[in-house]
Amino acid sequence: MITIDPRSKLILIFITVLFSMLIPTGTFTCIWILLITLLGILLGRVRKTLRAAVLFAALWIVSVYVLPQLDGTAHTSLLVWLGLVFKCYPCCMLAGVIIGTTQISEFMAAMAKWNVPREVVIPLAIMFRYFPALKEDWGHIKDAMALRGISFSPLYFFKNPSVVIDALYLPILVTASKTADELSASAITRGIENPTRRTSRLDIKFRLIDGAVVLIFLITIVVAVIGTSSGQLMEKAH
Amino acid sequence: MNIDFENVSFSYSGRESGALKDLNLKIRHGEFVLLVGESGCGKTTITRMLNGLIPGFYNGKLEGTISIDGRTISDYKTYELASMVGSVFQNPKTQFFNVDTDSEITFGLENAGTPQKKINAILDKVTEELDLETLRGKDIFKLSGGEKQKIAFASVYASGPDLYLMDEPSANLDSVGIEGLKECLEKIKSEGKTVVIAEHRLYYLTQLVDRVICLKNGRIEREINGDEFRAISVNSLNHMGLRTNQFFKTRVKAEKGFRKITLDEKISLQDLSIDYGKIRVLNKLNHDFYKGKVCCVTGRNGVGKSTLLRAMSGFIKGSEGSIEQNGKTLSSKELKKKAFMVMQDVNYQLFADSVMNECLLGTETKSEDFAEKVLEEFGLLEFRNLHPNTLSGGQKQRLAIAVSLMMDKEILLFDEPTSGLDYKNMRLCANFMKRLSDMNKIIIVVSHDEEFIDYCSDEIYQLS
């Protein structure tokens, strides 16, 4: 089990975005997912990380074995869909790992060290905090809809789209604005607007392990860039 | 901390309730002041002025001067007030900013830029003084309401303010949670801190208060000193629209006699057990719920009351046993058709753009005339064209009940219907329970509110 600085995590996200932009989907995508899986497990988020990795593997198998069997529209639409999923998967999975293993206060303190202005950090922090609240709200709203005989099944939605949308829209809007208001009010009374530099109860600093993790990701992306471009050169030569 | 309100008036922009009119109030250092009155009387407004949320966060027209220790409050920045004034709010769900308990307790200190070593020293000290060992390093979302409120208190306590403001801190707590809250309050009182608390439930504060301020429509109607408050009778409190100042527990009502049960129809739990994953939440429950009888389900937080309601609404299936009606097992699909739950936060279940449309949504057979009759019954007819969101808490709740009647539901389930309701609305709610039972509904109410249970229950079903 390791812990790394929230800033290293941001650097990893940045490298992964670069990876998705530069490297075409292929063997390196699998290697990248493997790296993220290892990182997730080392950071202590074992189950959800493994689940995400298994899902990726399943989709990959579909693309290798099922896709070639199809033709026509089914082939094209699955190809496009999978292409999109594989492009986004590394970033989304890493984001999941990072959000799941970073405490809000830790994130805020790290941002303070980078002198990121509060106007940027506070909305981000509130967003972090809002996800679990939304998850809770979502469960209640689903129950409330069921009580009125409104279901979430695709069939019901197809028959009465406006009813489902209305039934989601008002409660989500009302509870979200109430939650946001109460959260902000409580944060203000706790001095979140204080211009003094924020401190943290945790040690927020780069350690050896941060360097090691970032280096591994960097080396892999460099290898991937060289690997794919030399591959392309070889093809051109042929 | 000495507080002085001089001719203070305030009105929120865009709404009438909660306004204050020409308020004059002095609070001495170390005083324990209780603010009481109906919803919308302005008690919350007073607390918001003291923590700087008015006028900074809630807009409106403010007149007069408020001073803290002789200095006008508007001269303070919100973050300066943050270290002097600690606020605990009503809703434990939305007043924490972090997801883990440790970060939450130290959040205020971190904002103020306290050095790391000192933060951790204070964290340990607070843990010891408030007895929080078992709550350290936990996911706040997984705590009970009482535990959340304890963390909220600890996080304020850690910053060491001189003034504590509390806005209905007991609204979502059971009696054990309230007991914990009371201990915290005793502690700060003994430390000589100033406390201003706005509440509907009064019994747990009786021994602590130095002065009770009764507000009505934004004005101070009456001031009662602590000894006078301790001696006052429950009747005269009720007469003033206030709840009891005495701790009391409803008696098990077997001897009181049920109202006559006209039909021998019932819903029965037969050895009902429910598991969440590997954990057994409810174990072999057997109970009969009769038509025309209000049954209150009580028991500590986490004992499975909400789970029982969810099972009776057909959301979750029992892992063993069954729910039967007159000897026939009801499937979860049938339960969904027969049952309706009025949730604790009723905002989740109002979907339509007007009160009338809310009634008609999801009903195919009922006419507008019938809806009018139902709305009249619940005193909502005059609001028929208003947006449900503009109604007060009590009115929203009654609208949800009206919806259940529109849908011909025969089992009505209520989850903490009186949390946050004042005395008047609590009594109204109790009366509606009785009226629903006269309509021969099966009524099952989960509640911690002993006064409410005493007013409306025909039967108490204690889970343990």
Side-chain angles (χ1 to χ4, degrees), chain A residues 102-106 108-109 112 125-126 128-129 131-133 135-151 163 166-175 178-204, chain B residues 51-53 56-58 77-79 81-83 85-87 89 91 93-100 102-104 106-116 119-120 123 141 155-156 159 310 313-315 336-337 339-341 343 345 347-353 361-362 388-389 403 407:
Chain A
T102 311
Q103 292 175 0
I104 295 170
S105 57
E106 196 186 0
M108 288 180 73
I126 291 188
F128 258 113
R129 166 63 178 77
F131 285 124
K135 203 172 123 193
E136 241 181 42
D137 286 347
W138 180 249
H140 289 300
I141 290 169
K142 240 170 49 186
D143 284 358
M145 285 168 74
L147 288 169
R148 302 287 277 273
I150 304 168
S151 109
V163 173
D166 280 353
L168 278 180
Y169 173 74
L170 185 64
I172 287 201
L173 208 71
V174 171
T175 51
K178 203 172 138 225
T179 306
D181 256 18
E182 290 177 3
L183 268 181
S184 318
S186 124
I188 291 170
T189 63
R190 311 277 296 283
I192 201 171
E193 294 174 316
N194 198 327
T196 323
R197 176 185 256 207
R198 210 187 137 77
T199 50
S200 172
R201 77 191 160 83
L202 303 165
D203 279 318
I204 305 285
Chain B
N51 57 24
L53 289 175
F57 188 72
Y58 296 99
K77 298 264 186 282
T78 56
Y79 55 86
L81 285 172
S83 58
V85 181
S87 312
F89 300 89
N91 190 349
K93 206 171 99 185
T94 51
Q95 61 175 302
F96 52 91
F97 197 78
N98 295 273
V99 180
D100 65 299
D102 288 11
S103 306
E104 183 61 20
T106 58
F107 184 65
L109 297 167
E110 291 175 343
N111 284 331
T114 316
Q116 188 191 10
I119 294 180
N120 283 308
L123 178 60
F141 278 90
S155 63
V156 166
S159 294
R310 287 173 53 81
S313 332
F315 293 148
K336 268 185 197 154
K337 280 219 180 86
F340 190 87
M341 175 158 59
M343 300 167 125
D345 187 348
N347 286 312
Y348 290 122
Q349 47 193 161
L350 301 178
F351 305 129
D353 55 0
L361 186 112
N389 203 26
V403 165
M407 298 181 79

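Reminder, nothing fancy here: chain letters follow the sequence lines and each chain counts from 1. Not measured: the values here are computed from a predicted model.
Atom CD of residue A/Glu106 and atom OG of residue B/Ser103 lie 8.0 Å apart, to the nearest 0.5 angstrom. Remark: B/Asn347 CG to A/Ile172 CD1 distance equals 13.0 Å, nearest 0.5 Å. Summarising the geometry, atom CD1 belonging to B/Ile119 is positioned 6.5 Å from atom OG belonging to A/Ser200; distances are rounded to the nearest 0.5 Å. To the nearest 0.5 Å, the span separating CD on A/Gln103 from CG on B/Asp100 amounts to 3.5 Å. For the atom pair A/Leu183 CG and B/Asn91 CG, the distance stands at 9.5 Å (nearest 0.5 Å). Here the CG atom belonging to A/Asn194 is positioned 11.5 Å from the NZ atom belonging to B/Lys77, to the nearest 0.5 angstrom.
Scanning both residues, A/Ser186 and B/Phe96, for their nearest heavy atoms gives OG-N, 4.5 Å. When all heavy atoms of A/Ala144 and B/Tyr348 are compared, the pair lying nearest together is CB-O, 3.5 Å.
For A/Arg190 and B/Asn111, the side-chain atoms include no donor-acceptor pair closer than 3.5 Å. Of the N and O atoms on the side chains of A/Glu182 and B/Thr94, at least one donor lies less than 3.5 Å from an acceptor on the other residue. Residues A/Thr199 and B/Glu110 have side chains that never bring a donor and an acceptor to within less than 3.5 angstrom of each other.
For the pair B/Asn51 (side chain) and A/Thr189 (backbone), a donor-acceptor distance under 3.5 Å is absent. Under the 3.5 Å distance criterion, the side-chain polar atoms of A/Arg148 are matched with a main-chain donor or acceptor of B/Gln349.
In this structure the side chain of B/Phe107 reaches within 4.5 angstrom of the side chain of A/Ile192, judged on heavy atoms.
Among the candidates B/Val99, B/Asp353, B/Thr114, the residue making the largest number of heavy-atom pairs closer than 4.5 Å to chain A is B/Thr114. The residue among B/Ser313, B/Ala339, B/Ala112 with the most heavy atom pairs within less than 4.5 Å of chain A is B/Ala112. Ranked by heavy-atom pairs shorter than 4.5 Å toward chain B, the options A/Ile104, A/Leu147, A/Leu202 are led by A/Leu147.
A search for side chain to side chain contact (heavy atoms under 4.5 Å, CB included) contacts involving B/Lys336 returns B/Phe315, not counting sequence neighbours. For B/Gln116, the side chain to side chain donor-acceptor pair (under 3.5 Å) criterion is met by A/Asp203, not counting sequence neighbours.
At a 4.5 Å heavy-atom cutoff, the contact between A/Met145 and chain B is made by backbone and side-chain atoms alike. Of the atoms belonging to A/Thr175, it is side-chain heavy atoms, and not backbone ones, that fall under 4.5 Å from chain B. The contact between B/Asn98 and chain A is made by backbone and side chain atoms together, counting heavy-atom distances below 4.5 Å.
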